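Because the structure is predicted, anything quoted here is derived from the model rather than measured. For ligands, and for the atoms within them, numbers begin at 1 and follow the listed sequence.
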Amino acid sequence: MISIPRPQFVALVPGELTWHSPLKVRADEGLREVVEMFSEMVLSNIGWDLQWVDEGDDADIDLSLDATRGPESFALRVAQRAEVSVSDAAGAWYALQYLRNGCPPSTFGPHSSLAAWSVPCGNIVDSPRFAWRGVHLDVSRHFFSVSDVIRLMDLMSLHRLNHLHLHLNDDQGWRVEVPSWPRLTDIGSRRRSSPVGHESEGRDDGVAHEGFYSLSDIARLRVHAERRFITLVPEIDLPGHAQAALAAYPQFSNVSEPLEVWTRWGISENVLAASEEALEFAESVVCEVADLFPGSPFHIGGDECPTTQWETSEAAREEMKRRGMSDPRELQGLFTERLARALRERGHDVLAWDEVLDATVPEGTTIVAWRDEEKGVEAAQRGYDVVMAPMQWVYFDWLNSASPEEPVAIAPPPAVSSLRHVYDYSVVPEDMTEEMVGHVRGSQAQLWTEYIATRDHLDYMAFPRLCAFAEVVWGTAGSFEDFRRRLEIHVERLRALGVSFRPLDQET
Ligand code: ACM
């Protein structure tokens with residue numbers, strides 16, 4: 001039975017177990033809801049009924065909890081029935097997803113039917129290597145609807161990816177309602193034009209692009225995330241990447257002329273002023289957004305913040321003098337410190353891009369290492385937890401291949417991240433000591449969307465690279481040739497699900 005990600009341990013014996021509708025299930029208290037969700041998503045789709053039974057002997061699937069197992073794990077013995085022992089609800093979900101792979105790929109599509117469902121006999125023991133198996137989605141450069149994000153969560157869950165990092169603001173658009181600061185969406189969620197072709201060509205489409213998540217949209221996303229065992233990780237990126245916010249609230253800008261939501265890609269020099277008022281604004285906004293995601297880890301951005309305006313601003317220079325600072329980059333540390341403290345007081349785990357390492361970093365901040373693996377090494381060496389997201393490996397806005405046939409992407413070759421390259425990613429850099437490795441929470445694939453305007457194109461850039469990434473971060477990547485063979489079948493599931501994945505070709 002083909003599974004991506006591949007399980008940690010598989011020992012098959014001859015024979016298979018075959019089920020017919022209704023699927024008879026016994027489950028410990030606490031696991032019944034997962035089975036109901038599975039029934040809603042999978043059984044109803046193939047026209048099967050779920051029948052609860054009390055005795056394990058009568059069951060097709062018997063699910064029990066074993067709290068001694070590590071999180072998200074399961075052990076499965078398939079003989080007269082499927083006996084599943086799980087750590088928690090997520091482990092049960094993944095075990096059921098594993099068993100689902102016994103259904104033909106066509107049944108992954110909507111409204112299919114199935115006469116008999118067979119799974120091979122044997123033992124499977126499975127658990128993830130990393131707790132953080134993330135996908136990042138930039139909804140600022142191009143907005144993706146609630147249903148697009150829900151669909152992405154379903155696809156993530158199929159691959160056991162469990163953190164969805166939403167990049168909710170940037171120079172080119174503000175995408176989440178903040179009731180105390182209504183202009184963020186009234187003004188900031190719409191730009192009047194976007195680049196056509198590559199940014200370097202300097203052409204504009206003159207077509208407005210807009211969208212944002214209302215409070216009820218966020219609530220819907222949260223409910224769905226919970227049902228798919230996915231943790232949402234909202235990001236508000238400040239003090240850089242702030243032009244859409246400054247178009248809405250120019251009083252927090254360093255310049256006197258009005259700004260519009262940016263219509264070009266790149267890094268705008270328009271950053272938040274280094275003033276007490278701007279700090280309070282950032283804190284207020286971040287806390288209000290964080291309150292929409294109770295208990296979620298919160299990403300405070302912090303990347304690519306040009307200091308040009310601070311260097312020439314009289315007010316910023318005064319602020320530096322007052323605080324005894326010699327380097328304008330220390331001003332960024334002020335934002336990091338203030339936002340991290342406020343979030344931690346509200347019970348949020350705090351993450352930031354690796355540039356924050358250039359100033360003082362509050363204790364307990366998790367660094368998302370994106371510029372290269374060495375940033376992750378530096379963070380771990382300094383005692384910070386790390387999510388590894390180096391662009392050279394897991395930036396899926398990079399080209400899939402060097403072919404001139406590829407659609408325009410963020411950068412030309414050699415910025416290529418082929419399927420094989422992603423599959424070769426090791427997550428833990430070789431030069432990490434054991435203690436440093438202990439700081440690696442996992443890894444995350446990035447979908448920046450300057451050059452991804454539609455759901456189909458998002459599919460093309462994400463799949464099948466996310467399949468490779470899922471196996472890497474689950475910790476079972478081995479022979480690429482074996483993975484590639486399994487993928488031939490797995491992409492048929494994606495096809496049935498309507499995913500516009502990049503076709504498999506010779507070089508991948
Ligand atoms: C980033 O790619 N600027 C985090």
*Quick one: sort the F281 and Y249 rings into parallel, tilted or perpendicular, breaks at 30° and 60°.*
tilted

_Every residue of the protein that comes under 4.0 Å of ligand 1, judged on heavy atoms_ = D303, E304, W353, W370, Y395, W448

*asked:* For E488, give me all partners under side-chain hydrogen bond (donor to acceptor under 3.5 Å, both in side chains), at least two apart in sequence or on another chain.
replied: R484

_Tell me whether the rings of H165 and H136 are parallel (<30°), tilted (30 to 60°) or perpendicular (>60°)._
perpendicular

_Using the side-chain contact (heavy atoms from CB on, under 4.5 Å) definition, which of the options I4, V135, V499 pairs with L466?_
V135

*Which residues pass the side-chain hydrogen bond (donor to acceptor under 3.5 Å, both in side chains) test with R341, sequence neighbours left out?*
none

*Identify, with sequence neighbours excluded, every residue that meets ring pair (Phe, Tyr, Trp, His ring centres under 6.0 Å) alongside H490.*
H159

